[in-house]
Protein chains: 2
Amino acid sequence: MPDTKDQILDAAECLFSEYGIGAVPLRRIVAEAKVNSAAIHYHFGSKEKLVKAVFVRRYGPINRQRIELLEALESAEQPPGIEQLCHAIVAPPFRIGEGTASEHLYRSLAGRLMTEPAYMELIFNDLFAEVDRRFDALLAKALPDLPDTVRTWRKFMATGSMIFVLREQNLIARASNGLCDTSDVEVTIRRLVRFMAAGLSAPMADDEADLVAPARSGGRNA
Amino acid sequence: MPDTKDQILDAAECLFSEYGIGAVPLRRIVAEAKVNSAAIHYHFGSKEKLVKAVFVRRYGPINRQRIELLEALESAEQPPGIEQLCHAIVAPPFRIGEGTASEHLYRSLAGRLMTEPAYMELIFNDLFAEVDRRFDALLAKALPDLPDTVRTWRKFMATGSMIFVLREQNLIARASNGLCDTSDVEVTIRRLVRFMAAGLSAPMADDEADLVAPARSGGRNA
DNA sequence: GTCTATATCCTGATAGAC
DNA sequence: GTCTATCAGGATATAGAC
């Protein structure tokens with residue numbers, strides 16, 4: 001049986017996933033967790049610290065998995081394949097909680113952070129900075145012809161598509177009239193990896209290349 | 001000089017863009033708008049109705065522009081090019097408010113809606129349903145080989161990347177150390193169109209095709 | 001460590017004078 | 001239409017008995 005602290009973390013995670021962080025009052029968490037109304041402040045000190053604890057508990061393991069997968073690609077002689085690389089980022093957050101009753105909630109949590117600026121700043125450096133750095137380095141190796149600017153832009157765009165799919169599973173299932181089956185995790189991962197990899201590795205448009213070249217009408221060397 | 005109603009709408013739009021809808025109390029809007037604290041309820045009736053008015057004012061024109069661009073593609077004999085099609089969706093929200101001092105705020109507003117479920121339901125049908133329907137129909141014509149399921153999944157992923165770029169301009173500029181210049185709207189549009197079009201039109205992976213094929217080793221008809 | 005009770009603040013919304 | 005004053009409810013956080 002989980003102790004009070006875990007009960008609170010579990011309840012908070014489910015509720016944050018489903019309704020968003022800002023929309024969940026502490027009262028609702030203590031009710032769901034069936035603990036005393038003062039327990040959150042006793043164990044965590046404040047809502048902000050509780051939020052951080054929820055994310056650390058979940059994203060610690062996810063990002064360790066990501067880093068393991070990225071390390072395998074780093075130590076290879078060959079530059080990584082772009083799909084492998086995307087897979088290393090995409091698969092871990094989709095697979096958390098798999099098999100448990102509330103797995104879809106955990107996945108939905110995964111995308112909440114970026115969309116809540118107040119908590120984003122609070123957490124990003126501790127939890128995501130290293131993954132981002134390593135992913136970017138490998139991406140540069142996988143796509144050596146892309147200028148830094150273009151690669152970085154596309155990294156954000158790919159991230160955006162991943163976050164959207166993680167976060168909006170309910171919306172996707174509903175707005176597609178059930179056509180998109182968000183419950184099949186492995187299929188979702190493949191589709192997303194395919195999409196991201198294609199976008200990341202698209203040949204540059206001529207006018208796109210222009211925009212990062214040091215010189216213009218004369219010619220470009222970058 | 002704008003009247004009270006417009007002052008409120010302007011202030012609300014800026015604040016919603018910057019901080020998110022849920023995070024902005026009405027008191028802050030009236031302070032920013034320099035109007036009386038009862039003015040919002042007098043003119044709009046409730047916060048919910050104010051939010052709706054803000055989005056209608058901004059997305060009415062944007063979606064009319066989108067529909068105009070989509071109509072041009074609908075009436076063409078040829079199936080539309082995938083980049084043209086993406087451009088019709090992407091360009092209007094990026095171009096709103098262009099040249100005004102707070103143009104980046106308007107663009108940021110554009111992405112707020114989807115991330116605030118409470119207001120999303122309220123507004124989507126009125127403002128976005130028709131654009132979505134027409135875009136999807138043209139997408140099916142532009143990518144006739146993609147099964148409905150794959151096309152729909154990819155439409156969500158492409159939407160996610162667009163929303164992320166619209167919403168997180170500050171984050172993108174900051175996290176890239178200025179490498180990504182979010183102030184150049186036309187460049188941003190091209191990069192985004194390129195990324196989305198490449199993702200949408202990627203050839204299906206073999207295992208991705210399997211997942212939507214009507215028959216498998218045994219065969220399924222649903 | 002747990003609980004009840006409550007302090008303090010802030011929210012959206014309203015009443016009623018002008 | 002505009003303003004001041006205020007309500008009722010709900011938020012985070014804390015005090016103090018057990």
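Letters A, B, ... mirror the listed sequences (proteins, then strands); counts begin at 1.
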A:Phe128 and A:Tyr59: aromatic ring centres closer than 6.0 Å?
yes

[X] [atom1] - [N] [atom2] separation (whole Å):
X: A:Gln7; N: C:dG1; atom1: CD; atom2: C1'; answer: 13 Å
X: B:Leu26; N: C:dA13; atom1: CG; atom2: P; answer: 6 Å
X: B:Ile40; N: C:dG12; atom1: CD1; atom2: P; answer: 8 Å
X: B:Ile29; N: C:dC10; atom1: CD1; atom2: P; answer: 17 Å

Does [N] have OP1 or OP2 under 4.0 Å away from a side-chain N or O of [X]?
X: A:Thr4; N: C:dT2; value: yes
X: A:His43; N: C:dT2; value: yes
X: A:Arg27; N: D:dG10; value: no
X: A:Asn36; N: C:dT4; value: yes
X: A:Ser46; N: D:dT12; value: no

[X] side-chain proximity, nearest of [options]:
X: A:His41; options: C:dA5, C:dA13, D:dA13; answer: D:dA13
X: B:Ala38; options: C:dA13, D:dA13, C:dT14; answer: C:dT14
X: A:Ser37; options: C:dA5, D:dA13, C:dA13; answer: C:dA5
X: B:Tyr42; options: D:dT12, D:dT2, C:dA13; answer: D:dT2
X: A:Pro25; options: D:dA11, D:dA5, C:dT4; answer: D:dA11

Compare every heavy atom of A:Ala23 with every heavy atom of A:Arg28, then report the nearest pair and how far apart it is.
NH1-O, 4.4 Å

Minimum heavy-atom distance between B:Gln169 and B:Leu166, given as atom pair plus value
CG-O, 3.3 Å

Return yes when atom CD of A:Glu48 has more than 12 non-hydrogen atoms of other residues, nucleotides or ligands closer than 6.0 Å, and no otherwise.
no

Assuming nearest nucleotide by heavy-atom distance, tell me which of A:Lys47 and B:Lys34 is located more 5' along DNA chain D.
B:Lys34

Does NZ or CZ of B:Arg191 come closer than 6.0 Å to the centre of the six-membered ring of A:Phe156, within 45° of the ring's axis?
no

